[in-house]
There are 4 protein chains.
Amino acid sequence: MVREQKRGEERKERILEAALGVFSRRGYRDAAMDEIAGESETSKGGVYFHFPNKQTIFLALLDRMANLLMKRAEEAIAVEPDPVKRIDAALLVVLKTFGDHRSLARLFLVEAMGAGREFNNKMLEMRRSFAGLITRHLDDAVSEGAIPPLDTNLAGVAWFGALNEVVTHWVLESDPEPLEHQYPALRDLLRRSIGVPQSTQIDNETNGNMA
Amino acid sequence: MVREQKRGEERKERILEAALGVFSRRGYRDAAMDEIAGESETSKGGVYFHFPNKQTIFLALLDRMANLLMKRAEEAIAVEPDPVKRIDAALLVVLKTFGDHRSLARLFLVEAMGAGREFNNKMLEMRRSFAGLITRHLDDAVSEGAIPPLDTNLAGVAWFGALNEVVTHWVLESDPEPLEHQYPALRDLLRRSIGVPQSTQIDNETNGNMA
Amino acid sequence: MVREQKRGEERKERILEAALGVFSRRGYRDAAMDEIAGESETSKGGVYFHFPNKQTIFLALLDRMANLLMKRAEEAIAVEPDPVKRIDAALLVVLKTFGDHRSLARLFLVEAMGAGREFNNKMLEMRRSFAGLITRHLDDAVSEGAIPPLDTNLAGVAWFGALNEVVTHWVLESDPEPLEHQYPALRDLLRRSIGVPQSTQIDNETNGNMA
Amino acid sequence: MVREQKRGEERKERILEAALGVFSRRGYRDAAMDEIAGESETSKGGVYFHFPNKQTIFLALLDRMANLLMKRAEEAIAVEPDPVKRIDAALLVVLKTFGDHRSLARLFLVEAMGAGREFNNKMLEMRRSFAGLITRHLDDAVSEGAIPPLDTNLAGVAWFGALNEVVTHWVLESDPEPLEHQYPALRDLLRRSIGVPQSTQIDNETNGNMA
DNA sequence: GATGAATGAGCATTCATTCAT
DNA sequence: AATGAATGAATGCTCATTCAT
């Protein structure tokens with residue numbers, strides 16, 4: 001029984017992987033359940049046994065990406081005491097994560113937008129939770145006196161948007177250079193935007209290069 | 001003859017208006033040519049007489065929005081001698097333009113993304129041209145000594161993304177407040193991000209914080 | 001499993017039969033997939049599950065007729081040692097086969113011609129293979145000394161055409177008499193055309209003239 | 001007024017020529033009135049002024065070919081006293097006429113067949129009238145004692161079919177040699193089929209080559 | 001006579017989803 | 001659990017024909 005459960009999970013996993021490939025290759029609307037079934041070495045009925053419909057599969061993938069990002073960002077933040085450096089760390093980890101998963105990034109930032117009315121709420125919620133994460137940490141930095149007061153709500157949204165756009169360009173480009181190369185300049189831009197004192201900024205100038 | 005031409009143009013215009021409504025109500029894929037025809041008080045054949053296919057209509061609408069934005073931004077910039085204020089002016093005009101055309105904004109920022117592979121190039125091109133506009137003026141500001149040197153390419157992309165995201169939230173929200181309300185905080189954030197000296201900033205500080 | 005396969009084949013067969021009816025009633029272009037589906041007691045999707053498109057169904061029917069004819073003709077030929085009688089036998093069998101399948105005959109000789117450019121190659125190939133069959137046996141007859149030398153390639157084509165035309169008239173006529181009635185006269189005509197010696201001809205003279 | 005009439009006729013002629021090109025290039029069904037209009041330097045409305053519908057244009061073209069063939073054949077026959085030679089002459093003239101008008105031949109023999117139910121009667125009638133022409137002259141030959149009695153009705157049909165098929169192969173072939181090359185062999189075949197005495201046949205063996 | 005905008009019925013094909021086996 | 005045959009609604013696009021100007 002336990003074995004069967006595992007087999008079930010494996011199958012489910014295979015379906016999700018196949019779906020990721022198909023969705024990011026064809027886009028949400030042009031992805032056919034047939035192709036997802038074929039690519040996951042199942043039958044169409046098999047897919048429908050594990051997922052009630054196409055939308056759910058897409059949403060599961062979206063959630064997976066969101067959780068992956070969130071988790072990694074929180075982890076990176078957790079080990080860093082300095083509020084400003086926390087944000088730097090989170091930024092880097094997000095760039096790295098997207099950079100390693102271009103398909104997921106495309107799904108998340110490109111395909112999900114116009115996938116249909118049904119996804120708008122979900123998208124808004126996700127975007128809000130990312131912006132909220134940023135806002136929260138900016139609030140921390142403000143209350144610790146590391147940066148001057150500002151509209152952190154707006155900053156959260158705007159930062160997410162800036163990041164988003166950089167990644168989107170990278171996703172849409174046919175032959176892009178590694179996403180992480182954008183880190184130093186983006187970090188400086190964002191820091192400045194919230195009035196991080198020059199001194200701190202110099203401190204970290206060194207790690208302009210990363211893996 | 002002139003009258004006929006005008007009639008033709010009017011009909012074309014009616015179709016575009018109807019299409020805008022349908023596209024932004026249903027999304028690109030779920031928009032039916034039938035509905036566009038119905039809403040423009042034409043027949044399906046009539047629509048196809050004026051446009052070769054669905055894609056072309058969508059693209060025409062996208063172009064229209066892009067041109068509208070570009071034109072207004074350039075105009076706002078043209079009358080402003082101070083490089084920093086130029087950017088402020090452009091920002092405001094973009095917020096106002098989107099704010100007045102929520103449907104077009106939705107089309108431009110939300111629906112166009114996942115409309116299909118065929119639109120990706122067009123989208124990238126448009127996003128690049130906006131980012132490029134910003135970059136160009138940032139370069140001017142740098143060369144005039146108004147702001148310190150920075151990676152203006154990245155800044156262009158990031159600014160466009162920030163703006164984009166703010167507008168997108170506003171588009172997806174069910175009951176949003178006027179988009180222009182975001183102007184002061186966004187302006188400050190962006191200014192700071194490029195190291196605009198505090199003094200200039202104080203000038204406009206009046207309409208500062210909002211929740 | 002075997003049962004399922006059989007069910008699948010039955011369904012496919014039903015579709016082909018329905019298609020034959022519809023194609024020969026309406027012609028290739030005016031045949032609607034809807035009608036084929038309806039007549040085969042399936043849904044449109046069902047038809048498309050078994051055949052990728054309309055063209056393929058038509059081609060399958062054409063192939064079926066061609067194979068049926070070829071097979072029967074070869075069989076009739078196989079049991080007959082005398083080269084001239086072989087040809088007589090083949091002729092008779094072709095007339096009988098068409099005579100028993102007026103719809104297929106119409107499809108094969110009338111509808112297939114103007115069905116569209118896509119079918120021209122196929123048609124030419126089929127016509128060539130029939131003409132070739134005749135040519136081959138005429139060659140045999142020549143080499144056995146049963147008939148004098150002649151341009152057997154041309155004769156193959158011409159014979160096929162003669163046969164074709166006789167059948168076509170019969171197909172297009174609103175109230176035709178049995179096709180086989182044409183056999184004796186056609187046989188004599190064809191025999192004479194290749195110079196079959198009178199003696200052999202007399203053998204079968206019995207069922208000679210008809211109006 | 002006379003000039004206008006002439007202009008009208010010219011226009012009509014241009015339309016027919018254009019239609020011939022389009023029909024034989026695309027086939028009856030795939031020929032668009034738009035293209036016919038464009039190619040005849042008229043408007044769609046213009047075409048409809050001169051012809052009530054598409055079918056009529058096609059029929060006019062068919063008639064034209066039929067008349068051309070008939071007329072030339074009758075002419076060739078008229079100047080020839082010997083009944084057997086008459087038939088030879090008609091055959092040659094038909095081969096030449098088709099050979100010089102491959103588009104018309106395609107229209108007449110290929111496209112017309114599957115153009116739709118509406119044309120079947122017309123086609124049958126045309127085929128009958130050609131077969132009838134042959135039959136008539138065979139009857140003459142019989143009554144003059146030039147050939148032995150035979151089923152001339154069938155022979156007419158079969159001959160027309162033989163000729164038809166030879167021309168059809170030539171039409172469908174991608175790179176055919178001149179149609180007239182088939183004349184000598186076809187003539188001999190047909191002669192033999194009606195039992196033309198050997199002597200006559202030898203007489204004409206000379207003109208195996210033609211213009 | 002001519003034009004070309006407009007009409008609208010028609011149609012092949014796709015695809016998410018269901019369900020008997 | 002899994003299969004794959006079957007469903008049927010949905011939709012972009014074509015084109016002969018009409019008719020106001």
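Order of the sequence lines sets the chain letters (A, B, ...), proteins ahead of strands, with each chain counted from 1.
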A.B. asks: Whole angstrom is fine here: how far is it from CD in D:Glu9 over to P in E:dG1?
C.D. replies: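 It is 10 Å, rounded to the nearest whole Å.
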
A.B. asks: Of all the nucleotides listed (F:dG8, F:dT3, F:dA1), which has the minimum atom distance to the side chain of A:Arg11?
C.D. replies: F:dT3

A.B. asks: Does F:dA1 have a Watson-Crick or wobble partner in any strand here, with both distances under 3.5 angstrom, and which is it?
C.D. replies: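 Paired with no nucleotide.
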
A.B. asks: Taking NZ, NE, NH1 and NH2 as the nitrogens, is one of them in D:Arg29 or C:Glu118 under 4.0 Å from a carboxylate oxygen of the other?
C.D. replies: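 No.
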
A.B. asks: Provide, to the nearest angstrom, the distance between the CD atom belonging to B:Glu35 and the P atom belonging to F:dA9.
C.D. replies: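 The answer, rounded to whole Å, is 19 Å.
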
A.B. asks: Are B:Arg26 and B:Glu39 within salt-bridge range, i.e. N to O under 4.0 Å?
C.D. replies: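 Salt bridge absent between B:Arg26 and B:Glu39.
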
A.B. asks: Within this structure, what is the CZ-to-C1' distance between C:Phe51 and F:dA6, rounded to whole angstrom?
C.D. replies: 15 Å

A.B. asks: Please give, in whole Å, the distance from E:dA2 P to D:Glu41 CD?
C.D. replies: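 Rounding to the nearest Å, CD of D:Glu41 and P of E:dA2 are 13 Å apart.
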
A.B. asks: Is any side-chain N or O of D:His50 closer than 4.0 Å to OP1 or OP2 of E:dA2?
C.D. replies: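 Yes.
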
A.B. asks: Are D:Arg25 and D:Glu35 ion-paired here, with the side-chain N under 4.0 Å from a carboxylate O?
C.D. replies: yes

A.B. asks: For A:Phe51, is the NZ or CZ atom of A:Lys12 found under 6.0 angstrom from the centre of its six-membered ring and inside 45 degrees of the ring axis?
C.D. replies: yes

A.B. asks: Does E:dT13 pair with anything, Watson-Crick or G-U wobble, both distances under 3.5 Å, and if so, with which nucleotide?
C.D. replies: F:dA10

A.B. asks: Heavy atoms under 4.0 Å is the rule here; annotate nucleotides 11-20 of chain E 5' to 3' with B where the base is hit, S where only the sugar-phosphate is, and - elsewhere.
C.D. replies: -SBB-SBB--

A.B. asks: What is the distance from NZ of A:Lys12 to P of F:dA2, rounded to the nearest Å?
C.D. replies: 12 Å

A.B. asks: May I ask you to test the A:Phe119-A:Glu111 pair for a side-chain heavy-atom distance under 4.5 Å?
C.D. replies: no

A.B. asks: Quick check with a 6.0 Å cut-off and a 45 degree axis cone: is B:Lys54 positioned over the face of B:Tyr28's six-membered ring?
C.D. replies: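 Ring-cation test returns yes.
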
